[in-house]
Undergrad: 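Starting off with a structure, shown below.
Note that the numbering runs from 1 along the sequence shown for the chain.
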Amino acid sequence: MSIRIVVADDQELVRGAFAAILDAEPDMEVVAEAADGAEAVAAVHEHTPDVLVLDIQMAGMDGIEAAQRLSGVPVRVLMLTTFGQDDYVYDALRAGASGFLLKDVRRAELVHAVRVVAAGESLLAPAVTTRLIETAVRRPAPPPNSWTGLDRLPPRERETLQLLGRGLTNAEIAAGLVVSEHTVKMHVSSVLAKLGLRDRAQAVVAAYESGLVVAGEPPPSVE
């Protein structure tokens with residue numbers, strides 16, 4: 001089956017170029033284009049794509065607000081921007097983005113990124129994501145009830161979330177918890193489902209904003 005894609009960018013030439021590149025791939029189909037965030041949200045609801053390629057900064061509704069409005073919708077969001085500041089990456093991840101690319105990305109990198117997020121993975125490596133979020137810990141704290149689902153996590157799942165927040169891979173988490181990687185995958189899936197998170201990248205955000213991980217503190221000890 002083809003990867004179904006919506007491309008949203010307020011620059012027609014950029015939008016058309018990205019759509020043409022992706023639609024030319026044998027395993028991809030661009031089902032719609034959108035000129036702003038509102039059109040992107042409507043297109044996702046109408047066409048139910050697998051991946052939304054979404055510009056962060058657009059006239060009218062921007063990409064971050066569009067991603068927030070699609071919270072809970074089963075679409076993977078790949079953010080595009082001409083800016084490289086960490087704050088944009090942080091906001092994109094917190095909104096539920098599964099990947100982040102600059103607009104001057106090469107053709108092969110764009111295609112690869114779409115395949116990565118369509119497969120359910122995060123485009124940013126966990127350790128990179130962690131460093132980006134650590135630069136944003138000075139931002140105002142979120143409301144205290146932002147992550148109320150934490151009380152539904154049993155101890156092992158809370159430990160898993162802590163280790164995800166530290167940027168550990170499944171193999172490293174398995175070694176720390178002395179369990180199999182299969183068990184870790186089950187814990188990760190359960191954490192994502194209970195907290196309503198799209199992927200590991202957003203789980204890192206949740207770990208920091210819930211206070212389970214604090215920048216500068218040593219990793220939690222696991223018994």
Undergrad: Which is it for L78 and F100 under the side chain to side chain contact (heavy atoms under 4.5 Å, CB included) test, yes or no, and what are the steps along the way?
TA: CA-CA 6 Å; L78 176 61; F100 180 88; over 6 Å; no
Undergrad: Quick one: does E65's side chain have a donor or acceptor within less than 3.5 Å of a partner on D62's backbone?
TA: no
Undergrad: Treating R4 as the side-chain partner and V51 as the backbone partner, does any N or O pair qualify as donor plus acceptor under 3.5 Å?
TA: no
Undergrad: Report yes if some heavy atom in the side chain of P49 is under 4.5 Å from a heavy atom in the side chain of I5; otherwise report no.
TA: no
Undergrad: Pair M61, R69 - check side chain to side chain contact (heavy atoms under 4.5 Å, CB included), show working.
TA: CA-CA 10 Å; M61 184 190 299; R69 293 197 180 194; 3.3 Å; yes
Undergrad: Applying a strict under-4.5 Å side-chain criterion to I, L, V, M, F, W and Y, I'd like to know whether L192 and L177 cluster together.
TA: yes
Undergrad: Please determine which of R76, M28, E25 meets the side-chain contact (heavy atoms from CB on, under 4.5 Å) test together with V114.
TA: M28
Undergrad: Applying salt bridge (Lys or Arg N to Asp or Glu O under 4.0 Å) as the test, list every pair that has at least one member in residues 43-56; sequence neighbours left out.
TA: D55-K103
Undergrad: Show the nearest heavy-atom pair for residues L110 and I21, with the distance to one decimal.
TA: CD2-CG2, 4.2 Å
Undergrad: Indicate yes or no for a side-chain donor-acceptor contact from T160 to the backbone of R156 under 3.5 Å, with no hydrogens or angles considered.
TA: yes
Undergrad: Show the nearest heavy-atom pair for residues A19 and V30, with the distance to one decimal.
TA: O-CG2, 3.5 Å
Undergrad: By the definition side-chain contact (heavy atoms from CB on, under 4.5 Å), identify the one residue from V77, V31, V73 that meets it with V44.
TA: V73
Undergrad: Main chain of A59, side chain of D10: is a donor-acceptor contact present, judged purely on distance under 3.5 Å?
TA: yes
Undergrad: Can R166 and L168 be said to form a side chain to side chain contact (heavy atoms under 4.5 Å, CB included), step by step?
TA: CA-CA 6 Å; R166 292 291 178 186; L168 273 63; 3.6 Å; yes
Undergrad: Is there side-chain contact between K194 and L153, with at least one heavy-atom pair below 4.5 Å?
TA: yes
Undergrad: Provide the closest heavy-atom pair for L54 versus A66 in the form atom of the first, atom of the second, distance.
TA: CD2-CB, 4.2 Å
Undergrad: Could you pull out the closest heavy-atom pair between A32 and H47, with the gap in Å?
TA: CB-CD2, 3.6 Å
Undergrad: With the side chain counted from C-beta on, respond yes when L161 and L150 share a heavy-atom pair under 4.5 Å apart, and no when they do not.
TA: yes
Undergrad: Ignoring hydrogens and geometry, is there a side-chain-to-backbone donor-acceptor pair from S189 to K185 under 3.5 Å?
TA: yes
Undergrad: Taking E109 first and then R106, would you say they form a salt bridge - that is, a charged N and a carboxylate O separated by under 4.0 Å?
TA: no
Undergrad: Salt bridge (charged side-chain N to carboxylate O under 4.0 Å, His left out) with R15: which residues, sequence neighbours excluded?
TA: E33
Undergrad: Under a 3.5 Å cutoff, is there a donor and acceptor pairing between the side chains of D27 and S2?
TA: no
Undergrad: Is there a continuous path of hydrophobic side-chain contacts, each under 4.5 Å between heavy atoms, that joins M186 to L164?
TA: no
